[in-house]
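Everything on this sheet refers to the single structure shown next.
First the proteins, then the strands, lettered A, B, ... as listed; each starts at 1.
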Amino acid sequence: MKSLDLRGTGTVFRYTVQQHYKTRSVIIFLLILFLGALAVFPIRAMTGSKAVTETKIRQVYLRNETGFVIEAEDVKKDDVFSGVEIIDTKDDDAALAKTIAAEKNAAATVMTLDREKMCFDIRTNYGADSEVVNADAEALNQVLSQALHQALLRAQSVTAEQETLLHSAVYSQVSKVSDYLRNAEETGTDTHVFANLLYCYLIIMLNTLAMSYVFQQCMEEKVSKLVESLLVSVSPTSLILGKLLAVTLFIFFGLGLVVLGLFISFRIGSQMTDPKILTDMIKNLIHVDFSVLHISVGTIALFLLCTLLAYAIAASFSAIVGSCCSRTEDTQHASLAVVMFIMIGYLVGAFVPMFENDAAYNIVSLFPLTSIFSAFPNFVCGKITAGVFTVALLLQAATAYFLIRTAGRVYRMMIFYRGAFPKPKQVIRMMREERAAARYAAAGKEDPHGK
Amino acid sequence: MGFSVRELFKKYGDKVVVDHLSFEMNEPGVYALLGTNGAGKTTSIRMILNMLSKDGGTVEWNGGPLSLKTCNVGYLAEERGLYPKNTLMDQLMYFASLRGLSRSEAKERIRYWAERLEATEYLYPQQTGAKAPKPKKADELSKGNQQKIQFMLALLSDPELLILDEPLSGLDPVNTDVFKSIIHEEIGKGKYLIMSSHQMATIEEFCTDLTILNRSKTVLQGNLAEIKKSYGRINLFVKAEQELRPMIEQAGITVLSSVGFSYQCRVTGEEQANALLRSLVSQGITLIAFELREPSLHEIFVEKVGEVHEES
C-alpha cells in the first residue's frame with residue numbers, strides 16, 4: 001500500500017481551528033450552549049420544590065380526623081419544626097380561619113381519612129397577611145405525612161426492626177440459567193432499552209451536527225477557488241484530514257462544554273436545593289438508573305472511545321459524500337444520503353433491544369453501521385461478552401480507517417469536479433479508472449484503455 | 001538541472017483531453033503553453049503538478065520524478081480565489097506555513113512582496129482616528145488587488161519552478177506593468193517559468209520556447225525565434241496616401257486586409273517585396289510605411305489552429 005503523505009495536516013488543522021474560533025457567531029453559539037447547560041439545574045432548583053432549612057411557622061392548629069394519633073414529638077424530630085408548637089383543636093373551618101387570620105406565624109392543618117377511596121388528606125392553610133409562605137406549608141405537610149406514617153405503624157404495633165424491613169429495597173433480576181451460572185451481570189430490559197435509546201440519540205445528534213460542518217469543510221476550497229493554490233503545498237489527504245480533525249475538535253469541544261456546564265450547573269443547583277431532587281429529575285427524564293450500570297472510569301473511557309469511533313465512521317462517510325458537492329445546492333442530495341446512512345444504523349440499533357434476542361444483540365454489535373449505535377450500550381448492559389465487544393471495536397476501527405482513506409481518495413478525485421451531484425455508480429467508476437491509471441502510471445506504462 | 005514532460009496523456013471516459021504532450025526546458029527561461037479554450041493546457045499543468053492523476057507519461061525535475069517534495073513550485077492558477085471571510089495576513093501566513101517557512105521568514109517575505117506589489121495598504125492598514133486599524137479581508141478587495149495577493153501566495157516560497165496560468169488577465173495597465181516587471185525579475189534570477197496565456201503579445205514578450213495545443217494535440221512546438229525564422233519575412237505592411245491595391249496585386253502579392261490606404265499583405269519572400277518597393281518608388285508614389293516582418297505569434301497561432309480546424 002502506498003504510504004500516505006500527511007505533511008501539512010497539522011498546519012491545516014491549526015488554521016481551520018483558528019479561523020473557526022475567530023468567528024463571532026461561533027463564540028456566541030458556544031457561549032449560549034454553555035450558559036444554557038449552566039442554567040439547567042439552578043432553574044430547576046428555583047422553580048421546583050425546595051429543601052426548607054427554616055420556617056416562619058411557630059404554631060400549628062391541628063384538627064386530626066383520621067383516627068390515628070399524631071405525636072407532637074414525631075413532628076419535632078424534624079430540625080426545621082423542632083420549635084413549633086402543635087395545638088390540637090376541634091374547631092371548625094370558620095373558627096380556624098378566624099384564628100390564623102389574627103396570627104402572623106400560625107398555620108391550620110386538617111387531616112382526614114376518606115374511607116371510600118382509602119386515602120388520607122392533609123390540608124394546611126395560613127392567613128392572608130401571614131409571614132408564612134407556601135414552601136413552609138408544603139414542608140409542614142411533608143413532616144405531618146411522615147408523622148402520620150409513624151402513627152399508622154404504631155397502631156399496628158410494628159417494631160423498629162419490622163419497620164426497617166418494611167422500608168427495605170427490592171432488587172429484581174431476570175436472566176437465563178446459563179447466564180446466572182456464569183455469574184453474568186445483566187440489567188433489566190427497560191434500563192437496556194432506555195440506555196440504548198439514550199446512547200443512540202447522542203450519536204445521532206453528534207453525527208448530524210458533524211455532517212453540516214464536514215460538508216462545509218469539504219466545499220470551502222472549491223467554492224473559494226483555492227484548491228489549486230493549496231494543492232501545490234499540501235496533499236488532498238492532508239487537507240481533508242486536517243479539516244476533519246478540526247471539525248472533530250469543534251464538535252467534541254462543544255460537547256465537552258455542555259458536559260462541563262451541566263456539571264457546574266449540578267453543583268450550583270445542589271447548593272440551592274436537595275441534590276436528591278435533582279438526581280430524581282434526571283432519573284425521571286431519561287428513565288435510566290445509572291446505579292445499575294456500574295459506571296466506572298473504565299466505562300467512561302470506553303464511552304469516549306466508542307463515541308470517537310462512531311463519529312469517525314459517520315464523519316468520514318459525510319466527507320465522502322460532501323466531496324462530491326460542487327455547489328451549495330448539492331448539499332441537499334448529500335444530506336439525504338448521509339441521513340439515510342445514519343438512520344438505518346440508528347433504527348436497527350435502537351430497536352433491537354426490544355426483541356430480547358442474544359443473536360440479534362451480537363449481530364447488531366458486530367456490523368459496523370449498527371455497531372456504532374449498539375455495541376457500547378449492549379456491553380454496558382451485559383448483553384454481549386467482552387470478546388464480542390472487542391471484535392466490534394476492532395471492526396469499527398477498521399471501517400473508520402477504510403472510510404477515512406476512501407474520503408481522502410474521493411476528495412482528491414472530485415476536487416476539480418464541477419457538475420451535477422454524481423450517482424454512487426458514477427463515483428465508483430471514476431475511482432476504478434483513477435486506480436487503474438495510478439497503477440499503470442506507477443509501472444511507467446500507459447493505461448491500455450487510454451486509447 | 002532541467003525540467004521535462006514526456007508523453008503526458010489524460011482522458012475522461014472516452015474523451016482524450018491531453019494527447020501525448022512532450023516538451024523540455026534544459027535551462028532557466030520561460031516556456032509557453034498556448035492553446036484554444038479546452039485545448040488541455042490547465043489539465044496538463046494539473047498533471048505536471050500531480051494534482052490530477054496521469055493516464056500516461058512522466059514529468060521530471062532534475063532527472064527525477066517531479067513532486068512537491070523534490071521541487072519548490074509556485075503556482076498562480078487560472079481559477080484563483082481566496083478565503084473571502086479570512087484576513088489577508090492570516091491567509092498569507094497560512095500558505096507560508098504550509099511551505100515550511102518560519103514565522104519571521106514569512107513576515108519578512110510578505111513585507112517584501114507587499115511593497116513590491118504595492119499592496120501594503122491592504123496588509124498593513126494605517127490607523128485612522130482613535131480606532132485601531134482593522135485587518136482587511138479578501139472580500140473587501142477588488143479583483144485586481146485579490147490577484148496581487150494570489151501572486152504573492154505563488155511567490156512566497158521563492159520557487160524554483162513558477163507556473164503562471166493567465167497571470168495578467170483582468171489587470172489594469174498599471175498593475176500589468178508591475179506584474180511584468182516581477183516576471184522579468186524572476187527570469188533574471190534564473191527561475192524556470194511555464195506560462196499559459198491567451199494574450200499572445202505577453203507570451204511573445206517573455207517566452208523562448210513554446211507549445212501550441214489544439215483539441216488536446218500538439219500542433220506546433222519549438223523555439224519561438226526559430227519558428228518565426230522558419231516562416232521568413234513574409235508579412236508586408238504598406239501605407240500610402242492613395243489607392244495601391246491594383247499595383248500590389250499586379251506584383252503578384254496577396255492583400256490579406258486593408259483599411260483605407262493601409263494594406264496587410266503576404267509575400268513569397270524579400271525579393272518580391274523589394275520589387276514592389278522599387279515599382280512604387282519609380283511611379284513616384286509617396287509611401288508613409290513599408291514594413292517587411294516575420295509573422296507575429298498571434299498570426300502563427302491563428303494559422304496553426306485554423307489549419308487544424310480546417311483539416312478536422
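The neighbour count for Glu105(B) CD, taken as heavy atoms of other residues, nucleotides or ligands under 6.0 Å away, is above 12. When the shell of 6.0 Å around NZ of Lys225(A) is examined, it contains 12 or fewer heavy atoms from other residues, nucleotides or ligands. Crowding of Arg418(A) atom CZ: a count of heavy atoms from other residues, nucleotides or ligands under 6.0 Å exceeding 12. When the shell of 6.0 Å around CD of Gln332(A) is examined, it contains 12 or fewer heavy atoms from other residues, nucleotides or ligands. Under a cut-off of 6.0 angstrom, the local environment of OH in Tyr21(A) is crowded, with over 12 non-hydrogen atoms contributed by other residues, nucleotides or ligands. When the shell of 6.0 Å around NZ of Lys22(A) is examined, it contains more than 12 heavy atoms from other residues, nucleotides or ligands. The number of heavy atoms from other shown groups lying within 6.0 Å of NZ (Lys180(B)) is above 12.
Chain B forms more heavy-atom pairs under 4.5 Å with one residue of Ile415(A), Val12(A), Val223(A) than with any other, namely Val12(A). Listed options Leu153(B), Val73(B), Asp90(B), Leu49(B) were ranked by heavy-atom pairs under 4.5 angstrom with chain A; first place goes to Asp90(B).
When heavy atoms are compared at a cutoff of 4.5 Å, Leu230(A) approaches chain B by way of both its backbone and its side chain. Contact annotation for Glu228(A): both backbone and side-chain heavy atoms come within less than 4.5 Å of a heavy atom of chain B. Only the backbone of Asn50(B) comes within contact range of chain A, with at least one heavy atom under 4.5 Å from a heavy atom of that chain.
The CE atom of Met413(A) lies 11.5 Å from the CG atom of Leu52(B); values are rounded to the nearest 0.5 Å. Taking CD of Glu79(B) as the reference point, atom NZ of Lys222(A) lies at 10.5 Å (rounded to 0.5 Å). Expressed to the nearest 0.5 Å, how far CZ of Phe416(A) lies from CZ of Arg46(B) amounts to 4.5 Å. Here the CE atom belonging to Met93(B) is positioned 11.5 Å from the OH atom belonging to Tyr15(A), to the nearest 0.5 angstrom.
By a heavy-atom distance cut of under 4.5 Å, not one residue of residues 139-150 of chain B is near chain A. Identified by a heavy-atom distance below 4.5 Å to chain A, the contributing residues of residues 63-71 of chain B are Leu68(B), Lys69(B), in residue-number order.
Contacts of Ser224(A) classified as side-chain contact (heavy atoms from CB on, under 4.5 Å), with partners at least two apart in sequence or in another chain: Glu220(A), Leu226(A), Tyr83(B), Pro84(B). Residues satisfying the salt bridge (charged side-chain N to carboxylate O under 4.0 Å, His left out) criterion with Arg14(A), sequence neighbours excluded, are absent altogether.
Residues Lys85(B) and Thr23(A) have side chains not in contact (no heavy-atom distance under 4.5 Å, counting atoms from C-beta outward).
Thr11(A) approaches Ser97(B) most closely through the heavy-atom pair CG2-OG, 3.0 Å. The shortest heavy-atom contact between Tyr75(B) and Val232(A) is CB-CG2, 3.4 Å.
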